[in-house]
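These numbers come from a predicted model, not from an experiment. Residue numbers begin at 1 in each chain, while the letters A, B, ... track the order of the sequences.
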Protein chains: 2
Amino acid sequence: MLKEERQHQILDKIKLNRKVLSSDLSIELNVSEDTIRRDLNELSIKGLIKKVHGGALPKESTAPSYEERSSFNLKEKNSIAKKAVNLIKDGQVIIMSGSTTNLQLAKIIPSDINATIYTYSLPIALQLTEHPSVEIIFIGGKLNKAAQVTVGLDVVSSISELRADLCFMGTGGINVANGMTEPDWEVSHIKKCMISASNSVIVLCTKNKLNKVKRYAVSPINKINTIVTDISPDAQIFNPFKEKGVTIL
Amino acid sequence: MLKEERQHQILDKIKLNRKVLSSDLSIELNVSEDTIRRDLNELSIKGLIKKVHGGALPKESTAPSYEERSSFNLKEKNSIAKKAVNLIKDGQVIIMSGSTTNLQLAKIIPSDINATIYTYSLPIALQLTEHPSVEIIFIGGKLNKAAQVTVGLDVVSSISELRADLCFMGTGGINVANGMTEPDWEVSHIKKCMISASNSVIVLCTKNKLNKVKRYAVSPINKINTIVTDISPDAQIFNPFKEKGVTIL
DNA sequence: CATTTTTATGCATTTTTATGCGCATTATGT
DNA sequence: ACATAATGCGCATAAAAATGCATAAAAATG
């Protein structure tokens, strides 16, 4: 394996796990710990990581504002993102909604994935500009400042014209009887379009959204292919979802 | 086999596999590793690949990050932004291009200004989300990662449908004979549309862009209403511009 | 057409790079 | 403070790259 290749994998793993141990890397990449240390040294000189005793961490970023808000439940969101990222295959066309969990997902897409990603979220688009090979299409429209996403008729009509393999979306609430629901009418409408436009619908859902119901319906359960959560997929709470044919991760 | 043919095959293989080993190529293409190395050297000098120990990788854009570029000449850009912001009146419809000077401008728009701002730049849109009262319309399209702006047909056609009071744009170069010029064809085209869509065209121009000429024409001088610079508007260099009816600030 | 010049390639030799190992040194955590 | 783990450094070695030189093919020239 080439040195650069190895260093790339190290970077990917840091993005994914937020920390790496030299010992683990040494085993996984089949090189001595010395080599790993040398790699970490080089990467940290380049400012791409922060080297610490025993391994390395991601370099601290400098944009706290939206980041701070999204840091609520960050650990849960990250664990969801880690599961969800495995669903992405090379060459797919993907739509991503503007949830903060999706932002975590965008951060950890491996650098060797080639995909086309449609999004209407500024932070997600900005994050994806760091990725070397995904093609990003931003869906234009009127900006909702608080959520930093575009909304409105333009967004709805743009998405209606798409055809995607996957869509990843957060949710306001989900239960078996009412399906997915949203507190915001416009958002609910956009998500309806996303679902119609996608072959496979993946809902990213922290446990606090389970069995919640919001004002506006988005979709019945049977249109959802996969729910990715931060708790065990074996929990009994998921049984009624599974009966409807939903995969739980 | 011809040298050029061989180099083409190398490029294809890099695109396909995201890496090549000199040793593999030597066997596959039936030449010595020396020859492969010479090929890789030539290709890397042309900037088509990145040569590394043991083989080569696809060229990674070493373009300085958006942050880096925007901090270059920051003082000048700020003084331009301060002059330009006075041109914005309440209630106007404004188009802003993706220049870093425009980003400075976006930062200092007074909070009591009500305006509708169209932009295709992620950083500018994100900055404007901090503003309490401007309405922001983001123009969607394919993202250019380095510049963090959308480009392409979608952008062109969206802008063509607009009508704006003002447009603010940076420039690749400007002089009296050739007018405004850009190094990038797509950008030049987008700017042409911006000009047609706006009642008043304002060019934000640091002194190092004065009397520079780039490859693609955007507009003759007489379509430009105002040039805002970081040097005194009385400087004699501006006389020929003034004769064409341009206001210098 | 003959011959000179240029180009592409391979080979031998030297230089550089990547990597692992041993050992002394420096953190880290009870 | 002491035991353990992680680190840095020098050295050895193998792999890869650069360099100089020779040669054969291709192109240019008269």
Side-chain angles (χ1 to χ4, degrees), chain A residues 1-61 71 74-75 78-79 82 108 110-113 130-133, chain B residues 1-64:
Chain A
M1 187 188 314
L2 296 171
K3 187 178 71 154
E4 278 72 13
E5 216 182 343
R6 194 179 54 233
Q7 296 190 353
H8 246 100
Q9 292 190 19
I10 293 176
L11 283 177
D12 280 347
K13 200 163 166 11
I14 288 184
K15 270 201 284 181
L16 191 61
N17 299 346
R18 328 220 31 98
K19 80 166 183 193
V20 286
L21 303 180
S22 311
S23 47
D24 292 352
L25 289 172
S26 161
I27 296 164
E28 278 182 56
L29 302 173
N30 263 316
V31 288
S32 73
E33 292 194 31
D34 298 65
T35 302
I36 296 296
R37 266 192 287 277
R38 276 185 273 243
D39 285 339
L40 297 181
N41 269 325
E42 288 176 28
L43 292 171
S44 94
I45 286 169
K46 286 185 197 161
L48 299 171
I49 63 169
K50 186 184 175 192
K51 198 161 163 290
V52 296
H53 211 87
L57 303 170
K59 173 200 83 176
E60 9 250 342
S61 81
S71 72
L74 190 65
K75 235 176 115 184
N78 214 266
S79 87
K82 269 198 243 176
I108 61 172
S111 52
D112 60 343
I113 289 277
E130 313 249 319
H131 193 286
S133 54
Chain B
M1 187 191 309
L2 276 78
K3 186 176 75 156
E4 211 166 311
E5 196 183 342
R6 194 179 55 234
Q7 295 192 353
H8 248 101
Q9 287 186 260
I10 293 176
L11 282 177
D12 285 346
K13 200 164 156 38
I14 287 184
K15 264 194 247 169
L16 195 62
N17 303 54
R18 323 207 95 247
K19 78 160 182 182
V20 287
L21 304 182
S22 312
S23 48
D24 291 354
L25 288 173
S26 160
I27 296 165
E28 279 182 55
L29 303 174
N30 264 316
V31 288
S32 74
E33 293 196 27
D34 298 65
T35 302
I36 295 296
R37 268 192 283 277
R38 276 185 274 245
D39 285 338
L40 296 180
N41 268 324
E42 289 176 26
L43 292 171
S44 99
I45 286 169
K46 285 184 198 162
L48 299 172
I49 63 168
K50 183 187 177 191
K51 196 163 165 291
V52 299
H53 205 88
L57 303 170
K59 84 140 193 257
E60 51 186 275
S61 59
T62 332

Exercise. Is dA28(D) paired to anything, Watson-Crick or G-U wobble with both distances less than 3.5 Å, and if yes, which nucleotide?
Worked result: dT3(C)
Exercise. Whole-Å distance between dT7(D) P and Leu25(A) CG?
Worked result: 11 Å
For this session: Might you work through the side-chain contact (heavy atoms from CB on, under 4.5 Å) test for Ile10(B) and Ile49(B), ending with a clear yes or no?
Result: CA-CA 10 Å; Ile10(B) 293 176; Ile49(B) 63 168; 5.6 Å; no
For this session: State plainly whether the residues Lys3(A) and Asp39(A) are in salt-bridge range, i.e. N to O under 4.0 Å.
Result: no
Problem set entry | Side-chain N or O of Ser22(A) closer than 4.0 Å to phosphate OP1/OP2 of dA6(D) | no
Exercise. Reckon Lys51(B) has a side-chain N or O less than 4.0 Å from the OP1 or OP2 of dT17(C)?
Worked result: no
Problem set entry | Sidechain N-carboxylate O distance under 4.0 Å for Lys13(B), Glu28(B) | yes
Exercise. Are any of the side-chain nitrogens in Glu42(A) or Lys46(A) under 4.0 Å away from the carboxylate oxygens of its partner?
Worked result: no
Exercise. Any side-chain N or O of Asn41(B) under 4.0 Å from OP1/OP2 of dA18(D)?
Worked result: yes
For this session: Determine yes or no for a side-chain-to-main-chain donor-acceptor pair under 3.5 angstrom, with Ser32(A) supplying the side chain and Thr35(A) the backbone.
Result: yes
Exercise. Please give, in whole Å, the distance from dT4(D) C1' to Leu21(A) CG?
Worked result: 16 Å
Exercise. In Watson-Crick or G-U wobble terms, both distances under 3.5 Å, what is the partner of dT26(C)?
Worked result: dA5(D)
Exercise. How does protein contact run along nucleotides 18-30 of chain C, one letter per nucleotide 5' to 3', with B for base contact, S for sugar-phosphate only, - for none, heavy atoms under 4.0 Å?
Worked result: SBBBB----SS--
Problem set entry | Gap between atoms CZ and P, on Arg37(B) and dT14(C) respectively (whole Å) | 17 Å
For this session: Determine yes or no for a side-chain-to-main-chain donor-acceptor pair under 3.5 angstrom, with Ser22(A) supplying the side chain and Arg37(A) the backbone.
Result: no
For this session: Scan Ser23(A) against the nucleic acid and name what it touches under 4.0 Å (heavy atoms): base, sugar-phosphate only, or nothing.
Result: nothing
